[in-house]
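Heads up, the thing below is written out as structure tokens.
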Amino acid sequence: MTFTVAVSGASGYAGGELLRLLADHPEFDVRTVTAHSNAGQPLTAVQPHLRSYTHLTLKETSAETLAGHDVVFLALPHGASGAIAAELAADTLVIDCGADHRLEDAGDWAAFYGGDFHGAWEYGVPELPRLSGTQRTRLARTRRIAAPGCNASTVSISLAPGIRAGVIEDADLVSVLAVGPSGAGRALKAHLLGSEILGSANPYAVGGTHRHIPEIQQALRWAGAASPTISFTPVIVPMSRGILATSTARVVPGTDAATVRAAWEDAYAGEPFVQVLPEGQFPRTADVLGANTALIGLAVDEAAGRVVVVTAVDNLVKGTAGAAIQSANIALSLAEATGLPVNGVAP
């Protein structure tokens with residue numbers, strides 16, 4: 001069966017990556033692409049690398065334009081998708097790549113985003129460990145999915161196995177991320193100009209202000225954390241895409257290194273897209289470029305009594321578009337890996 005697809009925000013980075021992946025999906029037929037200021041232009045005028053879509057023209061983003069499709073991907077700015085989604089038919093599979101439906105707590109939304117609160121949808125990180133099973137079971141046959149924040153999902157899959165297994169403490173969690181500027185979207189921002197980031201590393205949202213913090217805490221509570229506290233610091237580095245997250249946590253006293261490692265290996269055993277590397281190996285962002293793969297390396301710092309987890313993802317694929325399509329596959333009872341690359345691009 002072929003499913004008809006509409007992609008909103010198709011002129012942006014997330015929308016473009018959705019379209020790149022959907023082009024090779026055998027069960028999805030992209031019929032409609034929408035934008036805001038670029039409406040009326042050929043898609044390839046703003047996404048010239050997407051040569052298989054030369055027949056598509058960007059339309060205005062509205063519920064009317066998106067209606068009538070089997071699947072709708074919303075790749076819109078935060079705060080822009082909630083109202084449109086509310087007008088779409090209940091039997092349409094809608095995947096929101098923005099933040100509007102990620103958080104369960106209205107207070108968290110008010111504190112970190114503001115504006116209207118639209119409520120939480122099922123979270124689109126299938127492999128995420130929960131106290132019982134994984135997030136995957138909650139995605140089956142749902143018709144509303146919230147794709148994750150790229151930083152948030154990277155940190156969550158880094159730490160959730162240790163929380164669930166009870167081998168790390170949920171207080172004093174620390175994550176520092178090297179991130180590519182594509183995660184901030186395609187809109188022109190002075191601090192993201194090439195002349196500003198080339199040859200430099202720039203921290204942002206320092207001191208507990210980043211919007212992904214409550215999303216991480218929410219995911220860790222699902223894994224069993226009672227009251228997780230995390231110091232989260234992202235740093236923009238001069239690579240167009242990618243996240244390298246280094247997360248540390250206190251090991252529960254009396255837990256040996258082999259037991260710590262086993263928690264992560266057991267959590268992700270058999271997962272095609274989240275892989276734990278052999279002991280002593282650590283990933284690079286280059287290893288996951290263009291792939292829907294998260295690679296994890298970990299070590300126990302015996303002197304500090306902490307586990308160190310290093311995770312690499314492509315923020316536009318596993319961090320956003322790939323996670324959205326993977327979740328859509330599950331919701332539609334398709335093979336989960338359909339249309340998604342596990343291999344990266346090198347050099």
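Small disclaimer: the values here were computed from a predicted structure and weren't measured. Heavy atoms only: backbone and side chains are in, while hydrogens, waters and symmetry mates are out.
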Between atom NE2 of His101 and atom CD1 of Ile95, what is the distance when rounded to the nearest 0.5 Å? 12.5 Å

If only atom types and distance count, is the side chain of Arg284 paired as donor or acceptor with the main-chain N or O of Leu244 below 3.5 Å? no

Shortest non-hydrogen contact from Ala223 to Leu131? O-CD2, 3.7 Å

Test your reading of the model: is there a side-chain donor-acceptor pair from Asn315 to the backbone of Ile243, 3.5 Å cut-off? no

With sequence neighbours left out, the residues meeting ring-ring contact (aromatic ring centres under 6.0 Å, His included) with Tyr13 are none

How close do Trp264 and Ser158 get, heavy atom to heavy atom, and via which atoms? NE1-O, 2.7 Å

Could you go through Ile157 and Phe273, starting from their C-alpha distance and side-chain angles, then the distance that decides it, and tell me whether this counts as side chain to side chain contact (heavy atoms under 4.5 Å, CB included)? CA-CA 11 Å; Ile157 65 174; Phe273 296 123; over 6 Å; no

Heavy-atom check, side chain of Leu93 versus side chain of Phe3, under 4.5 Å: no

Look up atom NE2 in His210 and atom CZ in Phe112, then write down how far apart they are to the nearest 0.5 Å. 10.5 Å

Could you tell me the separation between the CG atom of Leu298 and the OG atom of Ser247, rounded to the nearest 0.5 Å? 11.5 Å

Stepwise side chain to side chain contact (heavy atoms under 4.5 Å, CB included) test for Leu88 and Arg144: CA-CA 11 Å; Leu88 297 175; Arg144 295 293 186 269; 4.3 Å; yes

Quick check: do Leu332 and Phe28 have side-chain heavy atoms less than 4.5 Å from each other? yes

Looking at Arg138, is its backbone amide N or carbonyl O close enough to the side chain of Tyr123 to form a donor-acceptor pair, meaning the two atoms are under 3.5 Å apart? no

Does Tyr268 reach the side chain of Ile296, with side-chain heavy atoms less than 4.5 Å apart? yes

Is a donor from one side chain sitting under 3.5 angstrom from an acceptor on the other, for Asp29 and Thr2? no

Does any part of the side chain of Pro228, heavy atoms only, come nearer than 4.5 Å to the side chain of Ile163, both counted from C-beta? no

Between Leu159 and Ile230, is the side chain to side chain contact (heavy atoms under 4.5 Å, CB included) condition met? List the steps. CA-CA 11 Å; Leu159 295 172; Ile230 185 165; 4.2 Å; yes

Given side chain to side chain donor-acceptor pair (under 3.5 Å), test Thr338 with Asn329 step by step and report yes or no. CA-CA 7 Å; Thr338 304; Asn329 285 339; 4.6 Å; no

Check whether any side-chain heavy atom of Glu127 sits under 4.5 Å from a side-chain heavy atom of Thr134, and report yes or no. no

Does any N or O in the side chain of Thr233 come within less than 3.5 Å of the main-chain N or O of Val176, such that one atom is a donor and the other an acceptor? no

Side chain of Gln47, backbone of Pro42: donor and acceptor closer than 3.5 Å? no

Minimum heavy-atom separation for His118 to Asp100, with atom names? CB-O, 3.9 Å

Report whether Val167 and Trp222 are members of the same hydrophobic cluster (ILVMFWY, side-chain heavy atoms less than 4.5 Å apart, transitive linking). yes

Do Leu21 and Val46 belong to the same hydrophobic cluster, where Ile, Leu, Val, Met, Phe, Trp and Tyr are linked whenever their side-chain heavy atoms lie under 4.5 Å apart, directly or via other members? yes

Can you give me the closest heavy-atom contact between Thr65 and Ser62, atom names plus distance? OG1-OG, 2.9 Å

Does the plane of the ring in Phe117 sit parallel, tilted or perpendicular to the ring in Trp109? Use 30° and 60° as the thresholds. tilted

What I want to find out is whether Arg241 reaches Asp314 closely enough, with some N-O distance under 4.0 Å, to be called a salt bridge. yes

Could you measure the distance from the OG1 atom of Thr57 to the CG atom of Asn38? Nearest 0.5 Å is fine. 12.0 Å

What's the shortest heavy-atom distance between Ala147 and Thr320, and which atoms? CB-O, 4.4 Å

Separation between OG (Ser333) and CE (Met1), nearest 0.5 Å, reads 11.0 Å

Does Gln41 have more than 12 heavy atoms from other residues, nucleotides or ligands lying within 6.0 Å of its CD? yes

Close side-chain approach of Phe73 to Ile325, heavy-atom, < 4.5 Å: yes

Arg250 side chain to Gly305 main-chain N or O, any donor-acceptor pair under 3.5 Å? no

Would the distance check show the side chain of Arg164 and the main-chain N or O of Gly133 forming a donor-acceptor pair, the cut-off being under 3.5 Å? yes

Under a plain distance cut-off of 3.5 Å, with no hydrogens placed, do Thr4 and Asp70 share a side-chain donor-acceptor pair? yes

Looking at Glu104 and Arg221, is any side-chain nitrogen of the basic one under 4.0 Å from a carboxylate oxygen of the acidic one? no

Please check if Tyr113 and Ile213 belong to a single hydrophobic cluster, counting links between Ile, Leu, Val, Met, Phe, Trp and Tyr side chain heavy atoms closer than 4.5 Å. yes

Counting N and O atoms only, with roles assigned by atom type, does the side chain of Arg143 sit under 3.5 Å from a partner on the main chain of Thr92, one being a donor and the other an acceptor? no

Atom pair CD1/CG of Ile84 and Asp96 - distance to nearest 0.5 Å: 10.0 Å

Connected via hydrophobic side-chain network under 4.5 Å: Ile216 and Leu173: yes

Side-chain contact test, heavy atoms from C-beta onward, threshold under 4.5 Å: evaluate it for Ser200 versus Pro238 and give yes or no. no

Within 6.0 angstrom of His78 NE2, more than 12 heavy atoms from elsewhere: yes

Would you confirm whether Glu27, through its side chain, and Leu334, through its main-chain N or O, come within 3.5 Å as a donor-acceptor pair? no

Okay, side chain of Arg130, backbone of Gln135: is any donor-acceptor separation there less than 3.5 Å? no

Same apolar cluster (I L V M F W Y, side chains within < 4.5 Å links), Val155/Ile168: yes

How close do Thr61 and Gly9 get, heavy atom to heavy atom, and via which atoms? OG1-N, 4.4 Å

So Val288 and Lys318, do their side chains get closer than 4.5 Å, heavy atoms only? no

Evaluation steps, side chain to side chain contact (heavy atoms under 4.5 Å, CB included), between Val125 and Ser156: CA-CA 10 Å; Val125 184; Ser156 297; over 6 Å; no

I'd like to know whether CZ of Arg306 has more than 12 heavy-atom contacts from other residues, nucleotides or ligands below 6.0 angstrom. yes

